[in-house]
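Below is one structure, written out as structure tokens; comments come after it.
We name chains A, B, ... by the order of the sequence lines, and we start the count at 1 in each one.
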Protein chains: 2
Amino acid sequence: MSKTFKPTESELDILSILWEKQRATVRDVHEIIQLTKEVGYTTTLKLMQIMHEKGLVSRDESSKTHIYIPCFEKEKAQEQYVGKMIKTLFSGSTSQLVMQALGHHHANQEDLLAIKQLIATLEKRK
Amino acid sequence: MSKTFKPTESELDILSILWEKQRATVRDVHEIIQLTKEVGYTTTLKLMQIMHEKGLVSRDESSKTHIYIPCFEKEKAQEQYVGKMIKTLFSGSTSQLVMQALGHHHANQEDLLAIKQLIATLEKRK
DNA sequence: GATTGCTTACGAATATAATCGTAATACAAT
DNA sequence: ATTGTATTACGATTATATTCGTAAGCAATC
């Protein structure tokens, strides 16, 4: 029964900030957005208001300056996007995605160790 | 000088079919799209025409029924989307993406072996 | 050569997303 | 109280994406 959740590009950018900070005001969010994008304050405000209408975020209105909180877990978004990506960009092959990621983006020794351990677990569980 | 390439959702669906088949007519593509989506033939046609205008695909017009060919490599799209995803959904952590993928999507023994080998290479190259 | 069926071209309508200006409101400082 | 500043609300505009109807071309078949 979980609704298909499908934020737009801009909404996802905002969500990613909210997941990071847990809770934030429009200004908090806007200041971060502004680092990478030339955009007015009211634009960010409006986007967050729309996200509120859609139920993507909730907000604490007890003080004048509202505080926004994401309405669902980052993990849910991760699952959805990773799945879609494996399907449309990697012909359904998980390992191709994994290898693309490892091949093109840095992972340190510790990270690699953790991955090896996960693989070991998966192999045992066969 | 490579332009930022940014296909829409629908365009990406079409591209993914073209990458799979290498070359295809509008009808070929439409028949596959139709399996998952209720949409008219001319809609698919129009989308592909627009993609042609944008330079996302080229086409062979020598016979009446045009044959479409993707204009750039799947790998380029993979790189771009994986990068964006690591950034917005995994706080910049490649290994988190990798572990999410391996944890939630099936990979067989052979796949896992290939990944282990890649990791070994990366470790050596330290 | 008329009819049928499949094709492309094209314009228009509709839907969705993103942007911002302006006004109203609250609150703090003078 | 008045002024200044930051906030929200809201409407309007613009941009972009999606959808499809209709017409025109072409080739095979009747």
Exercise for review: Among D/dC20, D/dA9, D/dA6, find the nucleotide with the atom closest to the side chain of B/Val39.
Suggested key: D/dC20
**Study point:** Integer-rounded Å distance: D/dA6 P and A/Lys64 NZ
**Key:** 10 Å
Check your understanding: Is B/Tyr68 close to B/Asp28 at the side-chain level, that is, under 4.5 Å between some pair of heavy atoms?
Key -> no
Practice item. Determine, for B/Lys87 against A/Asp13, whether the closest basic-nitrogen to carboxylate-oxygen distance falls under 4.0 angstrom. Key: no
**Study point:** pair A/Met48-A/Ile14: side-chain heavy atoms closer than 4.5 Å
**Key:** yes
Exercise for review: Rounded off to whole Å, could you give me the CD-to-C1' distance for the A/Glu61 and D/dT7 pair?
Suggested key: 13 Å
Review point. What distance separates B/Gln49 CD from B/Arg59 CZ, expressed to the nearest 0.5 Å?
Key: 6.0 Å
Exercise for review: Go through residues 15-22 of chain A and report each residue with a non-hydrogen atom lying under 4.0 Å from DNA chain C, sorted by number.
Suggested key: none
Point to revise | Close side-chain approach of A/Lys116 and B/Lys116, heavy atoms under 4.5 Å | key: no
Exercise for review: Using only heavy-atom distances, determine whether the side chains of B/His105 and A/Thr94 contain a donor-acceptor pair under 3.5 Å.
Suggested key: no
Check your understanding: Among side-chain atoms of B/Thr65 and B/Ser63, is any donor-acceptor pair under 3.5 angstrom?
Key -> no
Exercise for review: Kindly say if A/Arg59 contacts the phosphate of D/dA9, meaning a side-chain N or O under 4.0 Å from OP1 or OP2.
Suggested key: yes
Study note, to complete from the structure: A/Arg27 CZ to D/dT5 P, in whole Å, measures 14 Å
Study note, to complete from the structure: Bounded by its outermost nucleotides with an atom under 4.0 Å from a heavy atom of chain B, the footprint on DNA chain C reads C/dC6 to C/dG11
Check your understanding: Is there a side-chain contact between B/Val82 and A/Leu89 (heavy atoms, below 4.5 Å)?
Key -> no
Practice item. Mind running a 4.0 Å heavy-atom check of residues 42-57 of chain B against DNA chain D and sending the residues that fall below it, in number order? Key: B/Thr42, B/Thr43, B/Lys46, B/Ile50, B/Lys54
Review point. Taking everything shown except B/Lys74 itself, do over 12 heavy atoms lie less than 6.0 Å from its NZ?
Key: yes
Check your understanding: When the distance from OH of B/Tyr41 to C1' of D/dC20 is rounded to whole Å, what number comes out?
Key -> 14 Å
Point to revise | Distance (rounded to the nearest 0.5 Å) between A/Thr44 OG1 and A/Ile33 CD1 | key: 5.5 Å
Exercise for review: Applying side-chain contact (heavy atoms from CB on, under 4.5 Å), run through B/Lys21 and B/Val29 and close with a yes or a no.
Suggested key: CA-CA 9 Å; B/Lys21 302 183 94 71; B/Val29 169; over 6 Å; no
